[in-house]
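Numbered from 1 within each chain, the chains take letters A, B, ... in sequence-line order.
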Protein chains: 2
Amino acid sequence: MTRSEENYLKAIFHLGNGEAGSISTNAIAEQMETKPSSVTDMAKKLAEKGLVHYKKYQGISLTDAGTRTALSIIRKHRLWEVFLVKKLDFTWDEVHEVAEQLEHIKSEKLIDKIDALLDFPKYDPHGDPIPTKDGKFMERDKQLLSEMPIHAQGVCVGVKDSSAPFLKFLDKNKIALGNTIKILDKEDFDQSLQIQMEGRELRISHQIASNLYVKKND
Amino acid sequence: MTRSEENYLKAIFHLGNGEAGSISTNAIAEQMETKPSSVTDMAKKLAEKGLVHYKKYQGISLTDAGTRTALSIIRKHRLWEVFLVKKLDFTWDEVHEVAEQLEHIKSEKLIDKIDALLDFPKYDPHGDPIPTKDGKFMERDKQLLSEMPIHAQGVCVGVKDSSAPFLKFLDKNKIALGNTIKILDKEDFDQSLQIQMEGRELRISHQIASNLYVKKND
DNA sequence: ATTAAAATTTAGACAAATCTAAAAATAGGT
DNA sequence: ACCTATTTTTAGATTTGTCTAAATTTTAAT
Ligand SMILES: [Mn+2]
Ligand SMILES: [Mn+2]
Ligand SMILES: [Mn+2]
Ligand SMILES: [Mn+2]
């Protein structure tokens with residue numbers, strides 16, 4: 001497996017949101033920041049290797065083998081992110097770029113030892129679930145803050161947008177995963193929210209609320 | 001810098017034993033397990049980038065910039081080796097292969113944090129010195145066991161051959177870095193040595209003795 | 001059913017890193 | 001000084017992953 005092949009499989013997986021379903025050439029090209037013609041070339045190669053299903057003009061989808069490979073890359077990516085935050089004091093906005101490199105290191109022993117060192121974490125610093133060694137996913141029961149009803153209460157458990165600017169914004173406003181959150185008011189005009197978080201009150205735009213995942217209290 | 005370029009610089013540095021001096025095309029080809037014609041091609045590219053001095057038929061040598069780059073790769077390689085042994089319980093015969101991959105990860109912050117996590121080690125698991133951030137080398141005052149006089153005493157501080165088979169052999173015979181060692185007798189016939197190590201006595205072939213570095217006691 | 005727009009594939013090119021085979025330069029022995 | 005063996009370079013090909021431009025197929029609107 002080349003690094004490029006691994007990145008394609010990961011992109012296809014992410015575009016399918018974990019589900020099966022066919023992904024378009026253009027969507028993959030955009031995600032990979034490459035051209036559609038390059039995607040077609042790679043689709044043929046991956047199909048040849050039994051990692052994707054590909055029929056001309058019909059889109060691309062992962063085979064079981066392709067899904068397994070994608071999950072193993074994602075597992076490595078997220079474990080490395082946890083490692084960087086927990087053991088090396090990286091902030092959650094710094095880890096992605098480095099994990100993009102580390103996820104391609106080939107050593108089963110290495111990643112298993114990292115997993116053990118971190119005490120087998122279930123989620124990465126952005127709240128995304130870490131697949132187990134055998135590719136099992138533990139997706140959390142969560143919803144976007146923007147989709148929760150007024151007066152609902154919950155715990156921040158993840159971000160939808162994990163770009164550095166958004167994460168830094170959250171830091172600046174002391175919004176962190178694990179914080180409890182309660183919707184005090186919803187503004188009809190701009191759909192901004194008045195919320196209570198860890199004692200204090202603050203106002204949050206719709207854009208922010210639609211990128212924050214919350215686990216509702218029972 | 002591509003991974004291949006980095007590997008060439010590292011190979012040239014190692015072949016020069018850290019000193020300046022011109023290295024032959026064939027020597028580099030052998031070290032890199034590639035063909036001389038490939039080395040010539042790379043020599044031109046690296047010369048273009050100011051990393052090596054190269055004149056047709058005159059051999060190849062590192063510029064100051066090339067040396068700095070080589071040292072930074074070696075620094076990363078050796079720090080990762082220490083990390084694998086100290087934090088992840090790898091054995092010293094397992095680390096090299098993985099470090100060959102990890103040494104190419106591009107993140108200054110990452111390697112500095114690993115350095116700090118390890119408490120700024122001076123030597124790697126094979127006794128090789130770890131260059132500082134600014135490329136300073138602390139080569140130890142050591143000599144091959146095979147070149148020490150009879151009755152001399154010292155401490156094992158490194159291996160010349162760090163191949164897995166040799167390292168496993170040392171493990172099996174409980175010969176480890178840090179052990180004290182005393183030469184009891186030298187056999188003229190086959191140049192084997194009778195030594196005392198950590199209480200017990202054992203016989204060591206010349207081949208072994210000429211791959212073990214010892215720091216002589218004052 | 002036509003047709004225009006969008007998506008996708010093909011054809012041909014290119015850069016990086018490698019190879020083989022052939023040519024050129026160097027080094028060493030007489 | 002000459003010849004030969006060795007070393008090194010060149011020329012041309014290959015693989016991987018990418019690109020642009022052109023051709024083809026699909027889609028969706030009339
Ligand atoms: Mn990430
Ligand atoms: Mn993440
Ligand atoms: Mn090593
Ligand atoms: Mn080493």
Side-chain angles (χ1 to χ4, degrees), chain A residues 1-16 21-63 65-66 69-70 73 100-101 103-106, chain B residues 1-16 21-63 65-66 69-70 73 100-101 103-106:
Chain A
M1 288 287 293
T2 68
R3 174 176 297 223
S4 186
E5 287 170 352
E6 291 183 347
N7 283 332
Y8 272 95
L9 293 178
K10 196 167 54 119
I12 297 165
F13 184 92
H14 279 137
L15 287 166
S22 219
I23 311 298
S24 79
T25 303
N26 273 1
I28 297 167
E30 190 175 349
Q31 171 90 7
M32 300 276 302
E33 299 184 68
T34 183
K35 302 291 167 182
S37 55
S38 305
V39 175
T40 301
D41 287 346
M42 185 56 84
K44 288 174 185 167
K45 196 198 312 183
L46 292 173
E48 194 67 40
K49 294 194 176 189
L51 295 165
V52 303
H53 299 293
Y54 172 63
K55 285 239 276 288
K56 270 195 203 183
Y57 298 101
Q58 301 308 126
I60 297 153
S61 62
L62 295 175
T63 62
T69 307
I73 309 296
E100 284 291 305
Q101 300 179 62
E103 71 188 5
H104 300 291
I105 301 289
K106 280 161 187 63
Chain B
M1 287 286 293
T2 68
R3 174 176 296 222
S4 186
E5 287 170 351
E6 292 184 345
N7 283 332
Y8 272 95
L9 294 177
K10 196 167 54 119
I12 296 166
F13 184 92
H14 280 136
L15 287 165
S22 217
I23 311 297
S24 80
T25 302
N26 272 1
I28 297 168
E30 191 175 349
Q31 171 89 8
M32 300 277 301
E33 300 185 67
T34 183
K35 301 292 169 184
S37 56
S38 305
V39 175
T40 300
D41 287 346
M42 185 56 84
K44 289 174 185 168
K45 198 199 309 189
L46 293 174
E48 195 66 41
K49 293 193 176 188
L51 296 165
V52 303
H53 299 293
Y54 171 64
K55 286 239 273 291
K56 270 195 202 181
Y57 297 101
Q58 301 307 127
I60 297 153
S61 63
L62 294 174
T63 62
T69 307
I73 309 296
E100 284 291 306
Q101 299 179 61
E103 71 188 5
H104 301 291
I105 300 290
K106 280 162 187 62

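Following rounding to the nearest Å, B:Met1 (CE) and C:dA16 (P) show an atom-to-atom distance of 14 Å. Counting to the nearest Å, the P atom of C:dA15 and the CD atom of B:Glu48 are 14 Å from each other. What separates NZ of B:Lys35 from C1' of C:dA22 is a distance of 16 Å, to the nearest Å. A:Leu46 has its CG atom 15 Å from the C1' atom of D:dT18, to the nearest Å. Separating the CD atom of A:Glu5 from the P atom of D:dT15 is a distance of 15 Å, rounded to the nearest angstrom. One can place CE of B:Met42 at 17 Å from P of D:dT8, the figure rounded to the nearest angstrom. At whole-Å resolution of the value, CD1 in A:Ile60 and P in C:dT9 are 7 Å apart. For the pair A:Asp41 CG and D:dT20 P, the computed distance is 13 Å after rounding to whole Å.
The side chain of B:Ser37 contributes no N or O atom lying less than 4.0 Å from OP1 or OP2 of D:dT10. Here B:Tyr8 reaches the OP1 or OP2 of C:dT18: one of its side-chain N or O atoms lies under 4.0 Å away. Remark: A:Lys44 is in phosphate contact with C:dT10, judged by side-chain N or O atoms under 4.0 Å from OP1 or OP2.
Side-chain contact between A:Met32 and A:Val39: absent, with no pair of heavy atoms (C-beta onward) separated by less than 4.5 Å. Under the 4.5 Å side-chain criterion, counting only non-hydrogen atoms from C-beta, B:Lys49 is in contact with B:Glu5.
Taking both residues in full, the closest heavy atoms of A:Gln101 and B:His104 are given as OE1-O, 4.2 Å, listed atom of the first, atom of the second, then distance. Residue A:Gly21 comes nearest to A:Ser61 through the heavy atom pair O-CB, 3.5 Å, listed as atom of the first residue, atom of the second, then distance. Nearest heavy atoms, A:Phe13 versus A:Ala70: CB-CB, 3.8 Å. Considering every non-hydrogen atom in both B:Ala29 and B:Pro36, the closest pair reads CB-N, 3.6 Å. The two residues A:Ala47 and A:Tyr54 make their nearest non-hydrogen contact at CB-CB, 4.0 Å.
Of the candidates C:dT8, C:dC19, D:dT9, the closest approach to any side-chain atom of B:Tyr54 belongs to D:dT9. For A:Thr34, whose side chain is taken as the heavy atoms from C-beta onward, the closest listed nucleotide among D:dT9, C:dT9, D:dC19 is D:dC19. Minimum atom distance to the side chain of A:Thr40 is reached by C:dT8, of the listed D:dT9, C:dT8, C:dT18.
The main-chain N or O of A:Leu51 is found under 3.5 Å from a side-chain atom of A:Thr63 such that the two form a donor-acceptor pair. Within the 3.5 Å criterion, the main-chain N or O of B:Gln58 finds a donor-acceptor partner in the side chain of B:Ser22.
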Measure all distances between protein nitrogen or oxygen atoms and nitrogen or oxygen atoms of nucleotides 23-28 of chain C, and list the pairs falling under 3.5 Å.
| from | atom 1 | to | atom 2 | distance (Å) |
| --- | --- | --- | --- | --- |
| C:dA25 | O4' | B:Tyr57 | OH | 3.3 |

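Residues from residues 25-32 of chain B placing a heavy atom under 4.0 Å of any atom in DNA chain D, listed by number, are B:Thr25, B:Asn26.
Note on B:Ser4: only backbone sugar-phosphate atoms sit closer than 4.0 angstrom, heavy atoms only; bases stay farther off.
Counted by atom type alone, B:Gln31 and B:His14 present zero donor-acceptor pairs between their side chains at under 3.5 Å.
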